[in-house]
Amino acid sequence: MAWDFSTDPEFQEQLDWMRELVRTEVWPIETVFDELGEDGFRRAIKPLQERVKERGLWAAHLPPELGGQGFGQVKLGLMHEILGTSPYAPAVFGNAAPDSGNSEILALAGTPDQKERYLYPLLAGDLRSAFSMTEPETAGSDPTLLRTRAVKDGDEWVINGHKWFSTNGSVADFLIVMAVTDPDARPHQRASMIIVDADTPGVNIVRDIPTMEHPAEHFGRYGGHAEIYYEDVRVPADALLGGEGEGFMIAQHRLGPGRIHHCMRWLGVSRRAFDMLCERALSRYAFGSVLSDKQTVQNWIADSAAQMQAARLMTLHAAWRMDNEGASAARTDISLIKFFGANVLFDVVDRALQIHGALGYSTDLPLEAMYRYARAARLYDGADEVHRQSVARQILRGYEAHDVPSEHVPTRREEARARFADVLEAVSAND
Ligand SMILES: Cc1cc2nc3c(=O)[nH]c(=O)nc-3n(C[C@H](O)[C@H](O)[C@H](O)COP(=O)(O)OP(=O)(O)OC[C@H]3O[C@@H](n4cnc5c(N)ncnc54)[C@H](O)[C@@H]3O)c2cc1C
């Protein structure tokens with residue numbers, strides 16, 4: 001009977017070390033990030049990255065042959081819960097999105113030559129990447145509608161299409177582009193992934209889209225979301241990543257673990273917001289008492305604690321399932337945590353912001369930034385509704401339609417009367 005919620009002491013020590021480093025060395029960077037600028041930030045985190053490497057925690061999501069730790073998803077999840085507390089911690093640990101997911105698919109599907117050219121420099125931090133799939137004209141929720149085309153012309157692919165929200169596209173050295181290579185194939189076998197160097201003629205990056213996160217347009221910002229036209233972009237045939245038509249299959253490998261890491265990072269953010277909520281509840285005085293004495297505030301604290309605990313257990317369980325039973329067995333669990341976790345994050349941050357009043361709305365606290373971050377979590381990697389739909393569909397496969405509900409009491413009573421006829425007869429004879 002193996003049903004264990006404990007963390008082995010050796011790994012707990014690593015987690016404690018990470019927590020300390022992130023809190024004391026990375027959190028302070030948040031307040032001066034804009035002053036540091038891109039280069040300053042890289043310089044500031046370099047010594048921290050060295051410490052992470054010495055500790056054997058660099059790019060831990062990758063298999064040991066690529067310098068990672070081969071940690072299963074449970075360990076990675078616990079690690080991401082700590083890294084999630086700061087937007088800058090993943091970069092310190094060599095697993096910032098989208099490079100981490102892209103390195104995973106290069107490790108999984110890349111040829112030796114592609115690994116040499118893209119994966120190893122990506123891991124060393126010498127290259128940057130973007131994942132370019134979503135299009136403004138088609139619903140990203142249903143990628144079988146993709147329109148970007150890659151057509152074979154001799155020993156080259158010619159790509160034409162319009163993408164947006166390619167995170168880091170404007171600072172990337174290469175992009176992994178999802179394009180339709182066979183429009184006549186079955187819907188999930190139409191698209192392929194193709195590696196495109198960002199300086200290839202025809203890659204026309206027109207802007208970083210202003211968003212809730214960065215309302216003012218600023219081209220070439222790390223973390224920006226690029227809009228890109230691919231206009232007769234020619235790449236060699238061997239730029240194909242994996243087999244032709246395998247785009248969706250490879251994407252699934254990237255998304256499963258990625259969603260677990262997202263959910264655990266959201267719990268890190270939620271916890272930080274929750275700590276602020278509790279601290280303020282004990283400190284702010286109004287209407288004859290501190291706010292922690294008001295029942296509404298007590299409800300916020302209890303509801304937040306319960307939601308975070310539920311999301312944490314659900315996420316670690318999904319991670320455990322992935323480690324023990326494989327990605328497809330964990331599919332429903334992953335959809336469950338994706339929408340549930342995103343909403344827990346949103347609720348907890350919202351309450352923490354609310355209790356701080358105008359201060360919470362101001363940039364004097366990190367809560368307004370967390371709130372904007374939380375809003376996006378309900379969209380990327382699958383909108384809430386899409387994951388709910390997927391969960392419901394998978395659950396419903398275990399049921400069948402009944403004209404009369406199977407719990408219909410008169411029907412069951414009739415069956416039970418037939419079954420217990422002897423006893424019922426004996427009982428009524430005794431009457
Ligand atoms: C911060 C951020 C970063 C991103 N980074 C990347 C990136 O690096 N690379 C990339 O390729 N893309 C990226 N995206 C895009 C993201 O993957 C898409 O936004 C997402 O897949 C949803 O697609 P869409 O925006 O086209 O919305 P649509 O598919 O048009 O959906 C809009 C809304 O329709 C509703 N809806 C959709 N389907 C259903 C349904 N079945 N039932 C009920 N309602 C439904 C939902 O409410 C949904 O929010 C990013 C997005 C954000 C916000």
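Each ligand, and each atom within it, is numbered from 1 in the order the structure gives. These values consider heavy atoms only, across backbone and side chains, with no hydrogens, waters or symmetry-generated copies. Worth saying up front: this structure is predicted, and the values here are computed from it rather than measured.
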For ligand 1, find out whether one of its N or O atoms is nearer than 3.5 Å to an N or O atom of Phe165.
yes

Classify the ring geometry between Phe33 and Phe41 as parallel (under 30°), tilted (30 to 60°) or perpendicular (over 60°).
perpendicular

Where is the nearest protein heavy atom to atom 23 (O) of ligand 1: which residue, which atom, and how far?
Gly140 CA, 3.3 Å

Please work out, at 4.0 Å between heavy atoms, whether the side chain, the backbone, both, or neither of His225 comes within that distance of ligand 1.
side chain

Using 30° and 60° as the class limits, which term best fits the ring planes of Phe248 and His188: parallel, tilted or perpendicular?
perpendicular

Give yes if a backbone or side-chain nitrogen or oxygen of Thr167 is under 3.5 Å from a nitrogen or oxygen of ligand 1, and no if not.
yes

Write out the residue and atom name of the closest protein heavy atom to atom 43 (C) of ligand 1, then the distance separating them to 0.1 Å.
Glu385 CB, 3.5 Å

Starting from atom 38 (N) of ligand 1, find the nearest protein heavy-atom neighbour and note its residue, name and distance.
Val386 CG2, 3.5 Å

For Leu379, atoms of ligand 1 separated by under 4.0 Å from a heavy atom:
20 (C), 49 (O)

Under 6.0 Å from the ring centre and within 45 degrees of the ring axis: does the NZ or CZ of Arg272 meet both conditions for the six-membered ring of Trp27?
yes

Got a protein heavy atom sitting under 4.0 Å from atom 25 (O) of ligand 1?
no

Would you say atom 40 (C) of ligand 1 has a protein heavy atom nearer than 4.0 Å?
yes

Angle class for the His162/Tyr229 ring planes (parallel below 30°, perpendicular above 60°, tilted otherwise)?
parallel

Do protein heavy atoms approach atom 19 (O) of ligand 1 to less than 4.0 Å?
no

Heavy-atom side-chain proximity of Ser304 to Asp347 below 4.5 angstrom:
no

Using a plain distance cutoff, I'd like to know if Phe131 has any nitrogen or oxygen under 3.5 Å from a nitrogen or oxygen of ligand 1.
yes

Polar proximity ligand 1 side, Tyr380 side, N/O cut 3.5 Å exclusive
no

Going by side chain to side chain contact (heavy atoms under 4.5 Å, CB included), Met264 matches just one of Gln73, Met79, Glu81. Which one?
Glu81

Should Trp164 be counted as touching ligand 1, given the test is an N or O pair under 3.5 Å?
no

For the residue pair Phe93 and Trp17, categorise the inter-ring angle as parallel (less than 30°), tilted (30 to 60°) or perpendicular (more than 60°).
perpendicular

Taking heavy atoms and a distance under 4.0 Å, where does Gln389 meet ligand 1: side chain, backbone, both or neither?
side chain

For atom 35 (C) of ligand 1, is the nearest protein heavy atom closer than 4.0 Å?
no

Protein heavy atom under 4.0 angstrom of atom 49 (O) of ligand 1, is there one?
yes

Under 4.0 Å, heavy atoms only, figure out whether ligand 1 is touched by the backbone of Ala383, its side chain, both or neither.
side chain

If the threshold is 4.0 Å, N to carboxylate O, is there a salt bridge linking Arg117 and Asp197?
yes

Heavy atom of protein inside 4.0 Å of atom 7 (C) of ligand 1, strictly below:
yes

Quick one: are the ring centres of His356 and Tyr361 less than 6.0 Å apart?
no

Contact region, Thr134 to ligand 1, non-hydrogen atoms below 4.0 Å, reads both

Tell me the protein heavy atom at minimum distance from atom 29 (O) of ligand 1, and give that distance in Å.
Ser141 OG, 2.6 Å

In the structure I gave you, are the side-chain heavy atoms of Lys163 and Glu227 within less than 4.5 Å of one another anywhere?
no

Under 4.0 Å between a Lys/Arg side-chain N and an Asp/Glu carboxylate O for Arg271 and Asp275?
yes

Sidechain N-carboxylate O distance under 4.0 Å for Asp333, Arg321:
yes

